[in-house]
Protein chains: 2
Amino acid sequence: MEESSEEVFTDNDNLDEETLFIVSQTFKALGDPTRIRILHLLFNKEYSVNEIAEKLQLKQSTVSHQLRFLKNLRLVKYRRAGTTLFYSHDDQHVIGILKQTIEHALH
Amino acid sequence: MEESSEEVFTDNDNLDEETLFIVSQTFKALGDPTRIRILHLLFNKEYSVNEIAEKLQLKQSTVSHQLRFLKNLRLVKYRRAGTTLFYSHDDQHVIGILKQTIEHALH
DNA sequence: TTAAAATATGAACATATGCTAATATAAGCA
DNA sequence: TGCTTATATTAGCATATGTTCATATTTTAA
């Protein structure tokens with residue numbers, strides 16, 4: 001057996017701090033019903049902040065806060081059109097996991 | 001097109017309360033570093049509560065609490081051997097998602 | 001430049017979460 | 001039975017989280 005040149009495995013059993021942080025943050029984003037509903041709404045098309053608030057019966061402020069959260073994790077992005085911001089999802093991997101899990105939950 | 005006898009789709013755009021709850025609970029379980037570390041440790045083999053505590057440098061109480069959390073969601077199960085309980089994972093789907101996401105985080 | 005529309009931000013609040021110490025339970029064995 | 005080991009439980013605490021109200025910012029257009 002020879003040592004790989006790509007990576008050195010000193011402790012194969014432990015996750016490093018950074019990986020642990022990224023992974024837990026990602027799942028934390030999906031661990032709240034409001035954020036799941038927002039991401040679910042954005043599955044197929046973009047929506048403005050007010051549209052999201054209307055569709056999901058949430059306060060504009062709530063939506064804005066959660067979108068900021070999701071944007072910090074690069075799970076959504078937006079496009080500006082005048083004073084309106086159209087949000088859409090921005091992470092195929094995470095969206096895929098969410099879709100999978102919703103399917104799974106629906107049996 | 002005929003109506004399926006299995007399910008009626010009244011509002012395709014909205015997730016029902018129960019699905020929302022299950023999905024968010026599942027992700028909440030994965031949204032904490034300690035629980036990720038425990039599940040990650042259990043990827044390949046079973047461990048007793050004390051072994052988990054030692055390996056991960058956690059208090060016995062902390063491990064026991066988190067295992068209860070994970071067991072309530074049927075993410076782990078245990079087998080008794082005398083006074084010792086050996087825990088192992090119990091949800092291939094969730095373990096798969098966790099593996100995927102760790103891989104993804106490691107680039 | 002001023003008003004209107006859309007969105008973002010900050011502060012306050014209630015609730016949720018995770019860890020810890022102390023103690024309770026449960027099983028095996030002398 | 002009484003002791004030991006392994007695990008679970010309870011309560012308390014500090015911090016994190018999610019929502020809301022009030023207000024600030026930003027962009028556009030008159």
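All heavy atoms count here, side chains included; hydrogens, waters and symmetry mates do not. All chains are named by letter (A, B, ...) in the order of the sequence lines, taking the proteins before the strands, and each is independently numbered beginning at 1.
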Nearest-Å distance, CG (Leu58(A)) to P (dT7(C))? 14 Å

Can you tell me if CZ on Phe43(B) sees more than 12 non-hydrogen neighbours from other groups inside 6.0 Å? yes

Check whether any side-chain nitrogen or oxygen of Arg68(B) sits under 4.0 Å from OP1 or OP2 of dA8(D), and answer yes or no. no

Arg79(B) has an atom CZ; how far is it from atom P of dA27(C), in whole Å? 16 Å

When rounded to whole Å, the NZ to P distance for the pair Lys77(B) and dT7(D) reads 17 Å

Taking N and O atoms by type only, does the side chain of Gln60(B) place a donor or acceptor under 3.5 Å from a partner on the base of dA6(D)? no

Which nucleotide in dT20(D), dA11(D), dG18(C) has an atom nearest any side-chain atom of Thr62(A): dT20(D)

Closest non-hydrogen atom pair, Gly31(A) against Lys28(B): O-CE, 2.8 Å

Can you tell me the distance, in whole Å, between the CZ atom of Phe69(B) and the C1' atom of dG18(C)? 10 Å

Rounded to whole angstroms, how far apart are CG on Leu70(A) and P on dG18(D)? 10 Å

N/O (side chain, Gln66(A)) to phosphate O (OP1/OP2, dT17(D)) under 4.0 Å: no

In whole angstrom, what separates Asp32(B)'s CG from dA16(C)'s C1'? 13 Å

Among dT19(D), dT7(C), dG18(C), which is the nearest nucleotide to the side chain of Thr34(A)? dT19(D)

Spell out, as yes or no, whether a donor-acceptor pair under 3.5 Å connects the side chain of Arg37(A) to the backbone of Asn14(B). no

Between Val63(A) and Val63(B), which has a closest nucleotide on DNA chain D that is more 5'? Val63(B)

Protein proximity profile, nucleotides 24-30 of chain D - base contact B, sugar-phosphate-only contact S, no contact -, cut-off 4.0 Å on heavy atoms: ---BS--

Should the heavy atoms of other residues, nucleotides or ligands under 6.0 Å from CZ of Arg79(A) be counted, would the total exceed 12? yes

Identify whether NZ of Lys or CZ of Arg in Lys71(A) sits under 6.0 Å from the centre of the six-membered ring of Tyr78(A) and within 45° of that ring's axis. no

Out of dT9(D), dT20(D), dT7(D), which has the shortest distance to the side chain of His65(A)? dT20(D)

Checking dG18(C), dA8(C), dT20(C) against the side chain of Tyr87(A) (C-beta onward), the nearest is dA8(C)

Using a cut-off of 4.0 Å on non-hydrogen atoms, how would the nucleic acid contact of Ser64(A) be classed: base, sugar-phosphate, or nothing? base

Would you say dT7(C) has OP1 or OP2 under 4.0 Å from some side-chain N or O of Asn50(A)? yes

Taking all atoms of both residues into account, what is the closest heavy-atom pair of Tyr47(A) and Ile52(A), and its distance? CB-CG1, 3.6 Å

Is it possible for you to say whether Ile102(A) and Ile95(B) belong to one hydrophobic cluster, with membership spreading through side-chain heavy-atom contacts below 4.5 Å? yes

Lys59(B) NZ - dA6(D) C1' separation (whole Å): 17 Å

Closest to the Lys28(B) side chain: dC19(C), dG18(C), dT17(C)? dT17(C)

Within-4.5 Å side-chain heavy-atom neighbours: His93(B) and Gln100(A): yes

Nucleotide of dT7(D), dT20(C), dC21(D) approaching Ser61(B) most closely (side-chain heavy atoms): dT20(C)

I need the CD1-C1' distance between Ile38(A) and dT7(C), as an integer number of Å. 14 Å

